[in-house]
Amino acid sequence: MKVWTLDAALQRCQWPRHFREILSQTILTGLISDPYAASRVINFSTRSALVPFDYSLRIFNHLHNPNAFTWNTIMRAHFELRNNPHQALTLYKLFLAEHAKPDNYTYPILLQCCAARVSEFEGRELHAHVVRFGFHQDVYVRNTLINLYAICGSMSSARQVFEESPVWDLVSWNTVLAGYVQAGNVEEAERVYRGMPERNTIASNSMIVLFGRKGCVEKARRIFDEVRGRDMDMVSWSAMVSCYEQNEMCEEALVLFVEMKASGVTVDEIVVVSVVSACSRILNAEMGRLVHGLAAKVGVEDYVSLKNALIHLYSSCGEIVDAQRIFDDGGVLLDQISWNSMISGYLRCGSIESAEKLFYSMPEKDVVSWSAMISGYAQHECFSEALALFQEMQLHGVKPDETALVSAISACTHLAALDIGKWIHAYINKNKLQINTILSTTLIDMYVKCGCVENALEVFYAMQEKGVSTWNAIILGLAMNGLVEQSLSMFADMKKTKTLPNEITFMGVLGACRHMGLVNEGRHYFSSMIHEHKIEPNIKHYGCMVDLFGRAGLLKEAEELIESMPMAPDVATWGALLGACRKHHDNEMGERVGRKLIQLQPNHDGFHVLLSNIYASKGHWGNVLEIRGIMAQHGVVKTPGCSMIEANGIVHEFLAGDKTHPQISDIEHMLDEVSAKLKIEGYVPTTSEVSLDIDDEEKETALFRHSEKLAVAFGLITIAPPTPIRVMKNLRICNDCHTVVKLISKAFDREIVVQYI
DNA sequence: TTAGGGTTAG
């Protein structure tokens, strides 16, 4: 058998059996011991789908003296077919050990293997071999070296190889340029781009990508238009579309895509994914549907990233059925991201049960799956479920990352689960986990809402970089804890750091003024917000000012401010005025405002209750009953007061008048004790708050079953001093509870924090 | 044999 017969036979080879016959012929005739003939066999077998890779390997292992070509082929096959660059590099050592000589094709393969492993160390070793064997002048070798260093982030070495080259081809230029693009080095990239002897499409496309990533949309567009005049290709269009999409110019992205279609360029899966993502951003399901149809037409429907982008699109637009259809039809094409996207899609659409079902049925859960579920629970106010899942996640040995931690901590905040929150904080420190601005801010938020100002300040001062939300959390938190002066001086500090305040900052600042009744300061900050910082006050700022004026008895000014609002006043704003009317006994205005509100928002419980309270405080029981009737007629149910307290890592919930707690008899006993003790101290219950037509003794009892009092009593029983008693409440605390808690604190010598969240 | 495009999950 001759080599040319072998080549001809291989060319005709159609079946695995043919190949085995050809192989046995080469062995029987002894042709296999000819290194060139052996290389033809290996080359064919590694490239052909007829032969399994293991079979090629077995042939290779039986060869006595494979030549460089054969070694190269088998090393490349390890890298490309098996995706095993490490094995290729191992084989290279064997190659040298057998005293075979590498050729100029050997190093591009091996250097690519190093690039795939991002292994600069191995690369440098090979670089030395390249020089030793005298291939350093080869332009292919040089280019792969440049690429290797660029990928390993060592642009100085890449640049050095480039500079030392005797000749440069287009690939050399493009590779160096790609390195700077990847490193995000605009200056050097532009310099290289300008220095190129001729600018080709690939280089221009790289520049479009770079400018797109850096937010320089106009520069990208200029280059795009330049290429357009020369020779653009699919990538040019695609890069420009994605540039718009990444910079949130979704309309432009869609327009350009339509133009691309119209110009007759082939559309592929990559550009389609960018376009679908643009549709998601602007919640345009209709356009997305068109693109989806187009993708099906060009036959890229099975592309998993596209499926994922579509699941995201449809679920973001509330079209959960369509999202689900893609997921259900996906079968084996789906990946981890598909599952996670579907879970968060369900959660976004409020189908907690579907999300749970999918979550518990998924083959593999990663951090994202867990934290999607945890934060989904938290977003739907299922805080206990969120925390329980966070703990379950750790039992499964999954390490929480920043996002999971943020969700868990915010669940702690809402549950007043301070101990668990502190445990998470300690866990972060112990494991030296990355603390980013969001995580720190969440911790600060938790501490201030649990009344631990010291801990909050500790986190705050330890932060390297503080964002506006960090300042907001501390300003708001200090004010919330009654540390008004500190809060306002924090605001002054913030201004010194040149951090620009936003509308939330002013909520904190105005809230601080309200807390202390600082009317003049409030006016000053409100005006500086508008004139100095050019921030339009929102409805909450107005509400805050109305409350500030109202509490100070400036009812007229408060009402005038409401009338001057550019938007319709909301519940809180009217509520503030109504509350002020009650406090300052302006029943005329109170009734007027209250009646108006009931008409405006017949479904809101707060107004009815406030108005009813106004009547109750005057003893006008007829009117109270009338309001009750209106409430019943509109199906308005008073939101029950609910307080939470954490003891020994368990969160206990109390509703007003609640008798369901297992320790209720102890609690009632404690309340009686408290009542007796406080009466000695001269406490008189403010029964005017109770809008029931019952006698005073019954009113006292009702008052003493408010949820926060139950929780505090429970705290007195279960939490040993000096640990403070911390209670979280869903509604604002009533005057009586406020007084009572202060008295308990004194009489029992306990630190007590009741927080309204 | 070396160079250019993308997104999607919390």
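As the structure is a prediction and not an experimental result, all values here were calculated from the model. So that the names make sense, note that chain A is the first sequence line, chain B the second, and so on, each numbered from 1.
Contact between the side-chain N/O atoms of Q246(A) and the OP1/OP2 oxygens of dT7(B) is found at a separation under 4.0 Å.
As judged by a 4.0 angstrom heavy-atom cut-off over every strand, N72(A) is placed among residues making no nucleic acid contact. E269(A) comes within 4.0 angstrom of no nucleic acid atom, judged by non-hydrogen atoms across all strands. Base engagement by S305(A) is indicated by at least one non-hydrogen atom pair under 4.0 Å involving a base atom. Base engagement by T201(A) is indicated by at least one non-hydrogen atom pair under 4.0 Å involving a base atom. Across all strands shown, D335(A) has no heavy atoms under 4.0 Å from either base or sugar-phosphate atoms. Within 4.0 Å (heavy atoms only), V367(A) reaches at least one base atom of the nucleic acid. Among the protein residues, I109(A) comes within range of no part of the nucleic acid, since none of its heavy atoms lies under 4.0 Å from any strand. Backbone-only engagement by Q112(A) is indicated by non-hydrogen atom pairs under 4.0 Å involving sugar-phosphate atoms exclusively. R281(A) comes within 4.0 angstrom of no nucleic acid atom, judged by non-hydrogen atoms across all strands. Looking at heavy-atom distances under 4.0 Å, V368(A) makes contact with a base. Within 4.0 Å (heavy atoms only), T403(A) reaches at least one base atom of the nucleic acid. Heavy atoms of M234(A) sit under 4.0 angstrom from at least one base atom.
If you check distances only, the side chain of D401(A) does reach the base of dG10(B) with a donor-acceptor pair under 3.5 Å. The base of dT7(B) has none of its N or O atoms less than 3.5 Å from a complementary donor or acceptor on the side chain of S277(A). Looking at S371(A), its side chain comes within 3.5 Å of the base of dG10(B) through a donor and an acceptor atom. If you check distances only, the side chain of N200(A) never reaches the base of dG4(B) with a donor-acceptor pair under 3.5 Å.
Ring orientation note: the planes of F135(A) and Y107(A) are tilted relative to one another, at an angle of 30° to 60°.
With respect to E188(A) and R191(A), a salt bridge is recorded, a charged nitrogen being found less than 4.0 Å from a carboxylate O.
Distances from the side chain of S344(A) to the nucleotides dA9(B), dT2(B), dA3(B) place dA9(B) closest.
For the side-chain contact (heavy atoms from CB on, under 4.5 Å) with I343(A), the qualifying choice from E356(A), M373(A), K365(A) is M373(A), the only one to do so.
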Inset, instruction - Quick one: do F162(A) and W173(A) satisfy ring pair (Phe, Tyr, Trp, His ring centres under 6.0 Å)? Show the steps, please. - result: CA-CA 8 Å; F162(A) 177 78; W173(A) 285 98; 5.2 Å; yes
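A side-chain N or O of S172(A) and one of D169(A) form a donor-acceptor pair less than 3.5 Å apart.
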